[in-house]
Structure formats: structure tokens, C-alpha cells
Amino acid sequence: MEQRFVMKCGGSTLAALPDSFFADLRSLQESGVKPVIVHGGGPAISETLTKLGIESEFVNGLRKTSDEVLDVVEMVLAGRINKEIVRKIQHSGAKSIGLSGVDGKLIKAQPVASAAEIGFVGDVTDVNADIIAGIMEMGYIPVIAPIGIDDASQRYNINADTAAGAVASHLGVERMIVVTDVPGILKTVDGQKQVLPSVTVEEIEAMIASGEIYGGMIPKVRAAIQCIQGKVREVVIVNGDEPNVLSKAVLEGGIGTRIVR
Ligand SMILES: Nc1ncnc2c1ncn2[C@@H]1O[C@H](COP(=O)(O)OP(=O)(O)O)[C@@H](O)[C@H]1O
Ligand SMILES: CC(=O)N[C@@H](CCC(=O)OP(=O)(O)O)C(=O)O
């Protein structure tokens, strides 16, 4: 089986991912599946900024990023978090190489439209898919931190869901799996919160408008909508706590929320 997928691991769940999650990742890779990981780390960035006494705020879900904040974002994402994931994958027995979007100009970026207000926050303009494919061909799992770079060598802080969606689109994978701290998109039905097994773009837009999808779920569904306009067939949102969640999402289905065209 030759099946590639992009997995986005959110900062909400990274620290809590059990060893069995990485064992599952390894057995998937052994069965011929080729994973690519793009990770976040928002809570760890906020914690370090607080320790350093640097103020930071979010505007429409994006972190206001000054030069000083950008140093911390890069230090935490491309340093601590990226290497922690690489170590955990290696400990499971699989091979992994970690890099940020700066390495090999892997993620090219430009300032977001609201840059005048929020600083060095980027949108992805291109992804060097050859580097990722090359790492996978060597049998390594690529682990990518969402920092972008432009032609003038300026760095940008990119929302990890946005970066993962762009990587999935440029690689042309079939599936993106978004690992977070909720079992999927929740909707209140008859006073009870239920996981939606699948949602369409129209249903998502209605849930954003009604406030049922808010906060950190918004960049996930926006990235998902953008992905499925191209080659990506489905985006699945799952909880990292669920046993064998990756093999269930890749091989069986019927878990989390599927976002389809
Ligand atoms: N309809 C929804 N269903 C599930 N979670 C939602 C929904 N709307 C908003 N959320 C929020 O989105 C959060 C996940 O986003 P976020 O905290 O940014 O995670 P991550 O760090 O994994 O990117 C959930 O914990 C929940 O609070
Ligand atoms: C521009 C912007 O907001 N970037 C994010 C990047 C990390 C991220 O997205 O991490 P999660 O997936 O854990 O939320 C930030 O600075 O927090």
C-alpha cells in the first residue's frame, strides 16, 4: 500500500499523546503508509512568553507577532516542540527528521492581509514538496514546524492548521488528519453535545455563523475547506486520546468528523 497522509498535531494535545499513539504511527508506516507531520504548539509558546514577561495577544485566532515574539515562536516550535516529537517517534522505533518551514525554504510565505495590525504572521504561498517527498522516500517521517520564509529571508509565524492544509494540498495527499483535544466537531442536538460523523462545507459555514464552531476550531475547518477544493479527498478531525486513532482514521474510518466536499 502506498498511501500518504498529512497529520496535524495541535498544541492542545501534544504533551498528552501516549507512547501508544507513536507506536500506532510506527505500525502504520511499517504497513507502507507514509505520514507527514505538521505540528502546532500555541500553549507552549504562550507559556514561554509569559515566563519571559513578553505580552502577546490573539486577534481573530492569530497571534500578534512582533520580532521579539517571533524569536520565541521559532525557539519553541522549531526547537523544543519539533525535537520532542522527533524524539518520541524515534523512541517508538521509527525514523524521523524534524525541520521548520525555513529549512530548504520548505514553506514560502507572505504577510497576511492584516499584517499591519498583527505583525509577522504569514500565509503560505508555496511548499517545497520535493524535500518532503525525498525525506519520505528515505524512510523517515518528516516533522514540520509552521514557520515560513519569504525571498527576503523574513520569517513568519503561520497558524499550524493553515500550514498543515497547505502542505497537504501541495503534496496532493488523499487525506489530512487533524489531531486535537476534542473527538471531532461537536453539535448540540436535543440539549446534548454530539460528534458529527461528517460535515459539508455548507454545514460548516452555517455553524460558524451561528457560533457553534468558534475559536481554535475555525482555522481547522477553514484549512479543511481550502484543502478539499483541491486533491485532498477528506479531512478528519480526531482526538489524540482515542486508542489507535491514526490507524482507525487511515484504515477503517468511522472515527471523528470527516469534512468532505
Ligand atoms: N463545534 C466545535 N466542536 C468541537 N470543538 C470546538 C467547536 N468549536 C470550537 N471548538 C474548540 O476548538 C478547540 C480545539 O482547537 P484548539 O484549542 O486551537 O486546538 P489545537 O491546539 O489542537 O489546534 C476545542 O478544544 C474546542 O474548545
Ligand atoms: C499565527 C499564529 O497564531 N501562530 C500560532 C502557531 C502555533 C499553532 O498554531 O499552534 P496550535 O496548533 O497548537 O494552535 C501561534 O503563534 O500560536
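Just follow the structure's listing: the first ligand is 1, and inside any ligand the first atom is 1.
Residue-level proximity to ligand 2 for His39 is absent, since no heavy atom of it falls below 4.0 angstrom. Only side-chain heavy atoms of Val182 come within less than 4.0 Å of ligand 1; its backbone N, CA, C and O stay farther off. Residue contacts with ligand 2, taken as heavy atom pairs separated by less than 4.0 Å, involve Ile158 solely via the backbone atoms N, CA, C and O. Looking at Asn157 against ligand 2, both its backbone and its side chain come within 4.0 Å, counting heavy atoms. Counting heavy atoms closer than 4.0 Å to ligand 1, residue Glu212 contributes backbone atoms (N, CA, C, O) but none from C-beta onward. Counting heavy atoms under 4.0 Å from ligand 1, residue Lys8 touches it through the side chain alone.
Under the 4.0 Å criterion applied to side-chain N and carboxylate O atoms, Lys248 and Asp24 are not assigned as salt-bridge partners. For the pair Lys187 and Glu212, the salt-bridge criterion is met [side-chain N within less than 4.0 Å of a carboxylate O]. The pair Glu137-Lys34 counts as a salt bridge, with a side-chain nitrogen and a carboxylate oxygen less than 4.0 angstrom apart. Between Lys105 and Asp150, none of the side-chain N atoms (NZ, or NE/NH1/NH2) sits under 4.0 Å from a carboxylate O, so this pair counts as no salt bridge.
Taking a 6.0 Å sphere around CD of Glu55, one finds it holds 12 or fewer heavy atoms contributed by other residues, nucleotides or ligands. Around the CD atom of Glu252, the shell of radius 6.0 Å holds more than 12 heavy atoms that belong to other residues, nucleotides or ligands.
The single protein non-hydrogen atom nearest to atom 27 (O) of ligand 1 is Tyr214 OH, 3.9 Å, given as residue, atom name and distance. Looking only at heavy atoms of the protein, atom 18 (O) of ligand 1 is closest to Gly216 CA, 3.3 Å. The protein non-hydrogen atom at the shortest distance from atom 17 (O) of ligand 2 is Arg63 NH2, 2.9 Å. Looking only at protein heavy atoms, the nearest one to atom 12 (O) of ligand 2 is Lys8 NZ, 2.6 Å. When only non-hydrogen protein atoms are considered, atom 10 (N) of ligand 1 lies nearest to Met217 CB, 3.6 Å.
Numbered from 1 in the order shown, with element, the atoms of ligand 1 that lie under 4.0 Å from a heavy atom of Gly184 read 3 (N), 4 (C). Listed by number with element, the atoms of ligand 2 under 4.0 Å from a non-hydrogen atom of Val121 are 1 (C). Close contacts between ligand 1 and Lys220 involve ligand atoms 14 (C), 15 (O), 18 (O), 19 (O), 20 (P), 22 (O), 23 (O) [criterion: under 4.0 Å to a heavy atom]. For ligand 2, the atoms lying closer than 4.0 Å to a non-hydrogen atom of Ile45 are 15 (C), 16 (O), 17 (O). For ligand 1, the atoms lying closer than 4.0 Å to a non-hydrogen atom of Ile185 are 1 (N), 3 (N). For ligand 1 and Thr180, the ligand atoms under 4.0 Å from any heavy atom of the residue are 14 (C), 19 (O), 20 (P), 22 (O). Listed by number with element, the atoms of ligand 1 under 4.0 Å from a non-hydrogen atom of Ser12 are 19 (O), 20 (P), 21 (O), 22 (O). Of all atoms in ligand 2, listed by their number and element, those nearer than 4.0 Å to a heavy atom of Gly40 are 8 (C), 10 (O), 11 (P), 12 (O), 13 (O). Distances below 4.0 Å separate heavy atoms of Ala160 from the following atoms of ligand 2: 8 (C), 9 (O), 12 (O). Near Gly10, with a cut-off below 4.0 Å to any heavy atom, the atoms of ligand 1 are 20 (P), 21 (O), 22 (O).
Side chain to side chain, Glu68 and Ser66 fail the donor-acceptor criterion of an N or O pair below 3.5 Å. A donor-acceptor contact closer than 3.5 angstrom links the side chains of His39 and Asn82. A donor and an acceptor atom, one from each side chain of Thr200 and Glu203, are located under 3.5 Å apart. Inspection of the Ser96 and Arg87 side chains reveals no N or O donor paired with an N or O acceptor under 3.5 Å.
For the pair Pro142 and Met136, the minimum side-chain heavy-atom distance is below 4.5 Å. Side-chain contact between Val121 and Tyr156 is absent, with no heavy atoms from C-beta onward closer than 4.5 Å.
The residue from Asp161, Asp181, Thr188 that puts a heavy atom closest to atom 24 (C) of ligand 1 is Asp181. With distances taken over non-hydrogen atoms, the option nearest atom 10 (O) of ligand 2 out of Gly11, Ser12, Gly41 is Gly41.
For the pair Lys95 and Tyr140, the cation-pi criterion (under 6.0 Å, within 45° of the ring axis) is fulfilled.
Screening Asn128, Asp151, Thr125 against Lys108 for a side-chain hydrogen bond (donor to acceptor under 3.5 Å, both in side chains) leaves a single residue, Asp151.
At under 3.5 Å, a nitrogen or oxygen of Leu186, whether backbone or side chain, sits near a nitrogen or oxygen of ligand 1.
In this structure, Gly40 falls outside the shell of residues with a heavy atom less than 4.0 angstrom from ligand 1.
Both Ile177 and Leu14 sit in one connected hydrophobic cluster of ILVMFWY residues. Membership requires side-chain heavy atoms under 4.5 Å apart, directly or through other members.
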